[in-house]
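What follows is one structure encoded as structure tokens, with my remarks underneath.
Throughout, numbering of the chain's residues begins at 1 and tracks the sequence. Note that the coordinates shown come from a computational prediction; the quantities given were computed from them, not determined experimentally.
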Amino acid sequence: MTTQALSGILVTELGSRLAAGISGNLLMQMGATVVSVEMPEDAARYDLKGFHRPVMAAGKLSFAPREGVAEDEELLRQLIEASDIVLTSSDVASDMARRAGAATKTIVCDITAYGNSGPRAGEPATEFELQALTGVSDTTGFPDGPPTPVTLLIISYLTGAYATIGALSALYARERQGVTQALDVAMFDCGFISLNTFLASTLTDPNAKKSRLGNRHPTVAPWNTYRTSDGWVLICAGNQGQWERLCQTMGRPELAETYRTQGERIKNIVEIDEAIEAWTGTMSTAHCVQSMVDAMVACGPIAPIDGYPREENLDYRNMIHRLLDPVSGKPAHVPGSPLRMSVTPGTAPMEIPARGESVAAIRMLLAERRANRQRVAALPLTRPLAGIKIIELGQYTTAPLCAKHLAHLGAEIIKIERPGGDESRTWPPHIDGRSITFRLNNADKRSLTLDLTSPSDLGVLRQLIGQADVLVENMKPGALAKFGLPPEVVLKLNPAIVYCSISGFGADSLYAKRPAFDTVIQAMSGFMASSSESEIPLKTGISSADTTGGIMAAVAILGALHHRLKSGKGQHIDLSMQDVSAWLTQTAWNGGRVRAPAVIQCKDGYVFVDAAGAANRPGLAGQSAADLTREELVRQLSEAGVEACPVLSLRESAHLPQTLERGIWFYLDNNGLRWPMLASPLRLEKTPPFVSHIAPEPDSDRADILREHGIELAPQA
């Protein structure tokens with residue numbers, strides 16, 4: 001039988017929010033026994049776990065306690081006290097859940113709309129309200145259209161994944177330091193910090209003009225959806241080489257000479273997009289994709305969701321499973337695990353339980369735990385990952401974002417950059433000629449430049465790997481193997497290392513050699529086909545594939561580190577962004593689709609209105625809305641019993657009292673310059689993460705790193 005990373009860990013999923021179900025889902029995939037506590041009200045709303053029961057209950061034990069029944073309440077109390085982790089959502093809890101939520105010996109992770117501090121602490125809010133108030137909606141949609149709600153409930157998914165990082169960090173701290181603590185995770189915080197590419201300018205330039213970008217990228221061009229003769233294709237020229245090869249393939253080499261920098265391409269993006277679409281419109285989607293593949297330019301078609309995402313590589317990687325839903329009596333599709341780990345592989349659920357069927361199994365489980373439960377002696381407290389050394393071979397977003405979050409939790413990050421530095425160091429906007437976006441994604445690291453074509457520098461990397469706890473990279477699959485460092489060699493150099501490789505489609509893939517960026521992955525995972533009600537495929541303003549790819553890599557690494565505590569063994573993680581993005585679409589599988597709110601324009605912006613309420617009261621949403629402010633329209637609708645919420649710009653969101661009091665963003669001074677920073681969304685009670693310094697200059701830590709590792713200082717050209 002395969003050992004799993006969280007074997008022996010008991011999780012009680014008490015919270016009703018979808019985000020709690022998502023976190024429970026991830027912990028279950030890593031081998032934890034997860035008991036889903038199911039209450040009647042769990043299905044009352046689109047962003048609660050019961051609304052999506054087939055995919056949220058799969059693989060878990062089900063307990064449906066009855067209100068007012070002492071036997072059930074006592075069993076729930078025992079279950080919570082015996083658990084290692086309890087997932088709650090206190091802002092939408094039932095009376096029973098509130099009474100049972102005060103665990104004394106358990107890591108309690110409370111997932112709420114606004115967290116436990118700030119003027120809105122404890123207030124409930126729906127997913128679409130939070131999208132409207134964080135800037136997520138204002139950054140999603142087309143430049144000439146309204147803000148767009150994301151029907152795939154992206155904030156719930158982000159929060160569920162972040163909560164899992166927090167819970168695993170608290171578990172790791174408990175195992176190493178003997179500390180039990182509570183964890184506060186706010187959906188508002190998670191949604192806000194996900195917009196880091198937009199925040200680079202929002203937090204530094206009060207005159208920055210903001211508009212929705214459709215399928216474009218705020219700092220990289222060209223990056224868009226283009227019509228073909230029979231559909232749509234995504235093309236993303238993420239670096240200078242891809243841009244030049246795209247122009248050559250189109251027969252327009254002069255464009256590469258005219259627009260040589262990212263800044264020039266961003267300023268002239270309309271003309272560039274027109275030129276590209278004039279070319280793509282002359283051929284089929286398949287022909288266009290093949291032309292881009294041959295030119296090694298990131299691209300992809302739009303994968304549809306018809307019951308589940310229809311894409312060959314997802315089938316190849318076993319991401320689609322078919323189970324019987326005992327509630328409907330019909331087959332249901334559920335996702336496989338995107339946590340492909342060599343020693344402790346993430347597992348797909350084997351069945352969907354009937355509601356409340358697991359009482360006998362829970363009683364047996366509690367009896368076993370009473371006999372075997374042990375505690376670790378308390379030690380002086382430090383951040384959870386203090387003493388963990390991580391080598392990052394990353395550029396752009398996924399690996400750097402993963403490493404940044406682990407750095408905030410106390411890990412030492414050595415960022416290995418190629419000569420010339422990470423490509424994203426050039427991304428606008430800038431302060432004093434230095435990229436703000438790069439510094440938002442690379443805080444709390446040290447930098448070392450290595451040319452891996454140099455035998456001496458390659459030797460330095462090998463020695464660093466031999467002394468590290470984690471290696472995380474997002475190079476092309478096989479890139480390290482070309483330097484003699486395939487996974488088996490890395491693990492031979494250091495059998496205890498956790499080696500996480502992040503790629504667009506996976507190392508074991510039909511498309512292992514294809515370059516891939518965020519929007520391409522959103523397209524080829526089914527995400528763009530179902531994230532909105534637009535006829536044109538639409539990405540989210542959030543770089544959803546990049547962001548969730550980085551977060552899920554951190555989840556997998558923490559799971560592998562927990563397993564290493566028990567076994568001493570390292571392993572290789574093959575993380576596919578396409579797997580992760582397809583996993584994000586599961587609430588749209590099996591014909592399930594969330595209905596978006598109505599979007600109504602006012603004289604100072606837009607308001608989201610519950611679609612059913614607006615339809616039942618058409619007079620409230622008629623032409624008079626254009627003469628009202630957002631505040632006036634929301635007040636009138638609320639007084640009539642219709643749910644409504646103003647859509648805020650990202651700048652408005654950044655200066656909400658809730659945002660400021662929570663300290664979600666702040667400034668760090670460096671050499672007389674003020675740099676915006678984003679806080680960790682994980683509020684651990686006793687071992688909190690924090691941000692200590694901005695990203696360093698290239699190679700600025702070379703001498704110290706080599707000296708500390710006993711490596712002879714290599715001369716630089």
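- R66 CZ: 12 or fewer foreign heavy atoms inside a 6.0 Å radius.
- To the nearest 0.5 Å, atom CZ of residue R176 and atom CG of residue L385 are 7.0 Å apart.
- Residues meeting the side-chain contact (heavy atoms from CB on, under 4.5 Å) test with S532, sequence neighbours left out: T148, S534, L538.
- In this structure R593 satisfies the salt bridge (charged side-chain N to carboxylate O under 4.0 Å, His left out) test with no other residue, sequence neighbours excluded.
- Residue pairs meeting the ring pair (Phe, Tyr, Trp, His ring centres under 6.0 Å) criterion with at least one partner in residues 553-594, sequence neighbours excluded, are Y157-W583, Y499-H572.
- When atom types are taken as modelled, the side chain of S36 and the backbone of A57 share no donor-acceptor pair closer than 3.5 angstrom.
- Under a 3.5 Å cut-off, the side chain of N590 and the backbone N or O of G592 do not form any donor-acceptor pair.
- In this structure, CD1 in I22 is found 8.0 Å from OG1 in T159, a value given to the nearest 0.5 Å.
- Partners of Y46 under the ring-ring contact (aromatic ring centres under 6.0 Å, His included) rule, at least two apart in sequence or in another chain, are F128.
- Take K60 and apply the salt bridge (charged side-chain N to carboxylate O under 4.0 Å, His left out) test, not counting sequence neighbours, and it matches E13.
- Relative orientation of the Y308 and H333 rings is tilted, given thresholds of 30° and 60° on the angle between their planes.
- A560 pairs by the side-chain contact (heavy atoms from CB on, under 4.5 Å) definition with M341, V498, Q571, I573, not counting sequence neighbours.
- Within the 4.5 Å cutoff, the side chain of V520 has no heavy atoms near those of the R514 side chain.
- Residues satisfying the ring-ring contact (aromatic ring centres under 6.0 Å, His included) criterion with Y172, sequence neighbours excluded, are absent altogether.
- Residues satisfying the salt bridge (charged side-chain N to carboxylate O under 4.0 Å, His left out) criterion with R53, sequence neighbours excluded, are E38.
- Under the salt bridge (charged side-chain N to carboxylate O under 4.0 Å, His left out) criterion, D579 pairs with R317, sequence neighbours left out.
- With 3.5 Å as the limit, one finds a donor-acceptor pair spanning the side chains of N474 and T398.
- Listed by first and then second residue, the salt bridge (charged side-chain N to carboxylate O under 4.0 Å, His left out) pairs that reach into residues 539-552 come to none, sequence neighbours excluded.
- Evaluated for a side-chain contact (heavy atoms from CB on, under 4.5 Å) with L406, the options V470, L561, I557 yield exactly one hit, I557.
- Under the side-chain contact (heavy atoms from CB on, under 4.5 Å) test applied with F505, the options L510, L314, I521 reduce to a single match, I521.
- Across all non-hydrogen atoms, the minimal contact from I9 to R174 is CD1-NH2, 4.4 Å.
- Partners of F517 under the ring-ring contact (aromatic ring centres under 6.0 Å, His included) rule, at least two apart in sequence or in another chain, are W223, Y396.
- Contact between L158 and S194 at its shortest, heavy atoms only, is CD1-CB, 3.8 Å.
- Within a 6.0 Å radius of NZ in K566, more than 12 heavy atoms belonging to other residues, nucleotides or ligands are found.
- At distances below 3.5 Å, at least one donor-acceptor pair connects side-chain atoms of R564 with backbone N or O atoms of A496.
- Between N313 and S509, the side chains place a donor N or O and an acceptor N or O closer than 3.5 Å (distance only, hydrogens not considered).
- Not one N or O on the side chain of E311 forms a donor-acceptor pair closer than 3.5 Å with the backbone of G526.
- Of the N and O atoms on the side chains of S90 and D110, at least one donor lies less than 3.5 Å from an acceptor on the other residue.
- For the residue pair T347 and S337, no side-chain donor N or O sits within less than 3.5 Å of a side-chain acceptor on the partner.
- Remark: T33 engages L10, L61, L365 in a side-chain contact (heavy atoms from CB on, under 4.5 Å) (not counting sequence neighbours).
- For CD of E312, the number of neighbouring non-hydrogen atoms (other residues, nucleotides, ligands) closer than 6.0 Å is 12 at most.
- The two residues V472 and A403 have their closest heavy-atom pair at CG1-CB, 4.5 Å.
- Across all their heavy atoms, L87 and A20 have their closest contact at CD1-O, 3.6 Å.
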